[in-house]
2 protein chains.
Amino acid sequence: MAPAPNAATPAGRPADEELSRRILDVGLDLLHEHGYAALRVEHVAKAAGCGKAAIYRRHADKAALVAAIVLAHAEIGECPDTGSAREDLLEHALQNQRNQEGKGVAAGRAMSAILEPEVFALVWDSLFLVRRRHGERILDRAITRGELPSDVDPDVILDALSGLTLLRHAIEGVRVEPRQYLALIDALLTSPPRLLHASEGTD
Amino acid sequence: MAPAPNAATPAGRPADEELSRRILDVGLDLLHEHGYAALRVEHVAKAAGCGKAAIYRRHADKAALVAAIVLAHAEIGECPDTGSAREDLLEHALQNQRNQEGKGVAAGRAMSAILEPEVFALVWDSLFLVRRRHGERILDRAITRGELPSDVDPDVILDALSGLTLLRHAIEGVRVEPRQYLALIDALLTSPPRLLHASEGTD
DNA sequence: AACATACGGAACGGGCCGTTTCGTAAGTGT
DNA sequence: ACACTTACGAAACGGCCCGTTCCGTATGTT
């Protein structure tokens, strides 16, 4: 009889889960230090205390390794729902910031790795698309509550807010203060961008 | 006598300026196609119809080559001065967009090259810092004209505007419509972000 | 004509990616 | 206790690319 085709224990020496974790952890550090192009898989192995084979047994190639590093440390977070669009958007922006400041997955040099085409394709859905859905849900609820007009342009609000963080952290390397997020959010909520802008039509 | 120590003609066969240009032109195309890590110097040489030596005679290494490619094609543009902050900021944003859409130096895959640490150090001043100064001048003039309060926070306005373009083009690959820029600009001019936010102080 | 420099082509050393092989370690079921 | 299965570290390998150096030739100045 086949020896227990149970997926729980596939027989043989089990993979060292602690090592799997260590690879992703030291990988993030080295990614911050060197960026994508200068990152050496062998250095990751050395720092994790293993051979290259252990890494390639877990990840198809360097791009997949880096994508796994990014996804393992990305803080997607829950979609905020405080009952106030202002507070929801602030929390949403702060979640973004947490991923891009300090040792975040999108901080400084690590951002170049995410934009590398082969890595980008692997992290796009899980990283950007999910967070985008959160933002859209926040705006939908705000419309339902009457905090925003129904023809508000979500692209401008969400991308200006996320773009502010992206530019400040990835390019300028400077932190955004919570009061600066609030200043932008208040401006956007006070005169909300519309899909059909008010200045059009009578021009 | 020393043979004319004139810097204009250093004697010997002069460098082929047309080739210098061709290297930078085909380099931009290949950068768009492959990104930084997958860009091969030898392919640039092949596409430009020359040997690798001709490239390395002009540029110290791959990073310097890519930096030169980016700087050669960057459209810095003049600082807009229309007399209206709204129009100045729109033109400022459109200048940014021109560098990031289509075959712009910061479009799509080319952005990963700019963020690569070694390249970034070479293009930072000439690319980002100069354009940032333009934005600050626009806001200063707007304050002088009374269009904005004197304690306006330039970081929020300029970085939200540039960040919108950066996120949409580099990450999402979608163009920003002029009306969307205007919607954001109008929101920022209507309730301008202050260095000391209104909600503070009485808290 | 003598000289100086750029040119394309080819070859080279060094480094990294990704694979493979080896002997060993750590789990399974009988 | 035993065979079996799989993961492990170490090392070697082929292939590709970076960056340099050589060559013979082309193109300019004096």
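Computed over heavy atoms, backbone and side chain alike; hydrogens, waters and symmetry mates excluded. Chain naming here is simple, since letters A, B, ... match the order of the sequence lines and numbering starts at 1 in each.
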Results of side chain to side chain contact (heavy atoms under 4.5 Å, CB included) for [X] - residues two or more places apart only:
X: A:Arg131; result: A:His92, A:Gln95, A:Asn96, A:His134
X: B:Ser191; result: A:Ala187, A:Thr190, A:Ser191
X: A:Leu129; result: A:Trp124, A:Asp125, A:Arg133
X: A:Ala121; result: none

Open item on the list: Has A:Arg21 got a side-chain atom pairing as donor or acceptor with A:Glu17's backbone, closer than 3.5 angstrom?
Closed with: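 The answer is no, because no donor-acceptor pair under 3.5 Å joins these two groups.
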
Open item on the list: Using a 3.5 Å distance criterion without hydrogens, assess whether the side chain of B:Asn99 forms a donor-acceptor pair with backbone atoms of B:Gly104.
Closed with: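 No, B:Asn99 side chain to B:Gly104 backbone: no donor-acceptor pair under 3.5 Å.
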
Open item on the list: Does any part of the side chain of B:Leu115, heavy atoms only, come nearer than 4.5 Å to the side chain of A:Ile171, both counted from C-beta?
Closed with: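 SC-SC contact between A:Ile171 and B:Leu115 confirmed.
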
Task: Side chain to side chain, A:Leu94 and A:Gln97, heavy atoms closer than 4.5 Å - done: yes

For [X] and [N], give me the distance from atom [atom1] to atom [atom2], rounded to whole Å.
X: A:Ile55; N: C:dT19; atom1: CD1; atom2: P; answer: 13 Å
X: B:Glu42; N: C:dA11; atom1: CD; atom2: P; answer: 12 Å
X: A:Lys52; N: D:dA7; atom1: NZ; atom2: C1'; answer: 18 Å
X: A:Tyr56; N: D:dA11; atom1: OH; atom2: P; answer: 18 Å
X: A:Lys46; N: D:dA11; atom1: NZ; atom2: C1'; answer: 10 Å

- [ ] Please name all residues satisfying side-chain hydrogen bond (donor to acceptor under 3.5 Å, both in side chains) with A:Asp81, sequence neighbours left out, ordered by chain then number.
- [x]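 Only A:Arg141 meet the side-chain hydrogen bond (donor to acceptor under 3.5 Å, both in side chains) criterion with A:Asp81.
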
Task: B:Glu91: partners by side-chain hydrogen bond (donor to acceptor under 3.5 Å, both in side chains), with sequence neighbours left out - done: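 Testing B:Glu91 for side-chain hydrogen bond (donor to acceptor under 3.5 Å, both in side chains), a comparison that skips the adjacent residues, returns B:Arg98.
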
Task: Nucleic acid contacts - residues 16-40 of chain B versus DNA chain D, non-hydrogen atoms under 4.0 Å - done: B:Leu39, B:Arg40

Task: Neighbours of DNA chain D within residues 60-67 of chain A, by heavy-atom distance under 4.0 Å - done: none

Open item on the list: With side-chain hydrogen bond (donor to acceptor under 3.5 Å, both in side chains) as the rule and sequence neighbours excluded, what pairs involving residues 33-46 of chain B come up?
Closed with: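 Every candidate side-chain hydrogen bond (donor to acceptor under 3.5 Å, both in side chains) pair involving residues 33-46 of chain B fails, so no pair, neighbours aside, qualifies.
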
Under 3.5 Å, which donor-acceptor pairs do the side chains of residues 70-80 of chain A form with other protein atoms, sequence neighbours left out?
unit_1, atom_1, unit_2, atom_2, d
A:His73, ND1, A:Ile69, O, 2.9
A:His73, NE2, A:Asp25, OD1, 2.9

Open item on the list: Walk along nucleotides 21-26 of chain D from 5' to 3' and tag each nucleotide B, S or - by protein heavy-atom contact under 4.0 Å, base first, then sugar-phosphate.
Closed with: B----B

Open item on the list: Using heavy-atom distances to pick each residue's nearest nucleotide on DNA chain C, tell me which of B:Gly49 and A:Pro14 is more 5'.
Closed with: B:Gly49

Task: Selection: residues 116-123 of chain A, any non-hydrogen atom under 4.0 Å of DNA chain C - done: none

Task: Residue whose nearest DNA chain D nucleotide is more 5′ - B:His59 or A:Gly12 - done: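 Checking each residue's closest nucleotide, the 5'-ward one belongs to A:Gly12.
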
Open item on the list: Between B:Asp155 and A:Arg168 (salt bridge meaning N to carboxylate O under 4.0 Å), is one present in this structure?
Closed with: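 A salt bridge links B:Asp155 with A:Arg168.
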
